[in-house]
There are 2 protein chains.
Amino acid sequence: MDAKQTHTGKESASCPMDFILRMLMGPWTTYILYNLKTHGPQRFGELKRRVAGISAKMLTERLRTLEGASLVRRDYEATIPPKVTYSLTQRGHELDDVLGKLAEIGMRWEAEDAALRAARAAELKAAE
Amino acid sequence: MDAKQTHTGKESASCPMDFILRMLMGPWTTYILYNLKTHGPQRFGELKRRVAGISAKMLTERLRTLEGASLVRRDYEATIPPKVTYSLTQRGHELDDVLGKLAEIGMRWEAEDAALRAARAAELKAAE
DNA sequence: TCCATGAGTTACGAATTGGTACCTACTGGT
DNA sequence: ACCAGTAGGTACCAATTCGTAACTCATGGA
């Protein structure tokens, strides 16, 4: 057994959600999935414009990875110029619920934190 | 606006789940949360032994991050030798459902893939 | 006396990552 | 003739990341 394994290795036998998280965790992945979900199937350039700031290289790489994981489908039309349309597969859509829940929790926490900060500020003001 | 921003920047205004995913995505994070969830509150060394392969440095860093995000509580007893016990906070437990769902999906996909491979193999054999 | 334990911290170093800039091929517009 | 757009691919480069090894402090045991 290789004692020296970077975290890239697949020592994940014990945790099935790890695989999915490794997938979702890519830097831009959530933006891409979010956009494909909310704006429907899109072409490369469209997606690139919407996921503001991403480089073509990253977008390509992420899309390839997502495609490899069967979360995204790539439809290539060999017209001139070529049209490449990306869309969520059924598997991609299976994540909708979970991602929705994560978004919900994220927003709730944000709101809670904001409320807490507001309460703190009010307390400070009252103490003066 | 800084055109040059690494992905570490907080350009995440548009995506509330991004924050959580960034949190969960740390290399060992899921193992840690999973262990804290299934084995209950644990001390540093215990956790380190269970999350096989993690270095003390990483574990510390991950735990600090999780603590900062209020997902994990750190109870320090200044005995000699010191006892530090980690446990999930309420927020940490709020992720149980989502993580559970992710694990479920992950396992389902794994099973589906395995079934698909088996079917392919059977087909190949039948074709001979 | 020396070692191990508990819970780390620090320094160093190699590998990965992700951005930038430049390249393709083809066509339509000016 | 030249530029822009489409969908990338490639080379290079700087920064970040993560692992390893060594150190801490205090005590109890062989």
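The figures that follow rest on heavy atoms only: side chains count, while hydrogens, waters and symmetry mates do not. Each chain gets a letter, A, B and so on, in the order the sequences are listed, and its residues count up from 1.
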When the distance from [atom1] of [X] to [atom2] of [N] is rounded to whole Å, what number comes out?
{"X": "B:Y76", "N": "D:dA26", "atom1": "OH", "atom2": "C1'", "value": "11 Å"}
{"X": "A:R22", "N": "C:dT16", "atom1": "CZ", "atom2": "P", "value": "14 Å"}
{"X": "B:K83", "N": "C:dA7", "atom1": "NZ", "atom2": "P", "value": "9 Å"}
{"X": "A:I54", "N": "D:dG8", "atom1": "CD1", "atom2": "C1'", "value": "13 Å"}
{"X": "B:M58", "N": "C:dA7", "atom1": "CE", "atom2": "P", "value": "19 Å"}
{"X": "B:K48", "N": "C:dG6", "atom1": "NZ", "atom2": "C1'", "value": "12 Å"}
{"X": "B:E67", "N": "C:dG8", "atom1": "CD", "atom2": "C1'", "value": "13 Å"}
{"X": "B:E77", "N": "C:dG8", "atom1": "CD", "atom2": "C1'", "value": "17 Å"}

Exercise for the section: Between A:E61 and A:I80, just flag the one whose closest nucleotide in DNA chain C comes earlier from the 5' side. Expected result: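 It is A:E61 whose nearest nucleotide is closer to the 5' end.
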
Practice task
Between B:R64 and A:R62, name the one whose nearest nucleotide on DNA chain C is closer to the 5' end.
Solution key: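 Checking each residue's closest nucleotide, the 5'-ward one belongs to B:R64.
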
Problem - Side chain proximity check, A:D96 to A:L88, heavy atoms < 4.5 angstrom - result: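 They are in contact (side-chain heavy atoms under 4.5 Å apart), so the answer is yes.
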
Exercise for the section: Would you indicate whether the side-chain heavy atoms of B:L63 and B:L47 approach each other to under 4.5 Å? Expected result: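 Of all side-chain heavy-atom pairs linking B:L63 with B:L47, at least one is under 4.5 Å.
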
Practice task
Would you classify A:T60 as touching base, sugar-phosphate or nothing, given that sugar-phosphate means primed atoms plus P, OP1 and OP2, and contacts are heavy atoms under 4.0 Å?
Solution key: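 Answer is sugar-phosphate: A:T60 comes under 4.0 Å of backbone atoms only.
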
Exercise for the section: Mind checking B:K57 for me? I need base, sugar-phosphate or nothing, with any heavy atom below 4.0 Å counting as a touch. Expected result: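 B:K57: base contact, heavy atoms under 4.0 Å.
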
Practice task
Without swapping roles, check the side chain of A:K48 against the backbone of A:I54 for a donor-acceptor pair under 3.5 Å.
Solution key: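 At least one qualifying donor-acceptor pair exists.
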
Exercise for the section: Determine, step by step, whether A:L24 and A:L95 satisfy the side-chain contact (heavy atoms from CB on, under 4.5 Å) criterion, reporting the C-alpha distance in whole Å, the side-chain angles of both residues, the deciding distance to 0.1 Å, and the verdict. Expected result: CA-CA 10 Å; A:L24 297 178; A:L95 291 175; 3.9 Å; yes

Does [X] put a side-chain nitrogen or oxygen below 4.0 Å from OP1 or OP2 of [N]?
{"X": "A:S55", "N": "C:dG19", "answer": "yes"}
{"X": "A:R49", "N": "D:dT6", "answer": "yes"}
{"X": "A:W28", "N": "C:dG19", "answer": "yes"}
{"X": "A:Y86", "N": "D:dG8", "answer": "yes"}
{"X": "A:R43", "N": "D:dG8", "answer": "no"}

Exercise for the section: Would you please test B:R117 and B:D113 for side-chain contact (heavy atoms from CB on, under 4.5 Å) and show each step? Expected result: CA-CA 6 Å; B:R117 275 194 303 276; B:D113 290 352; 3.8 Å; yes

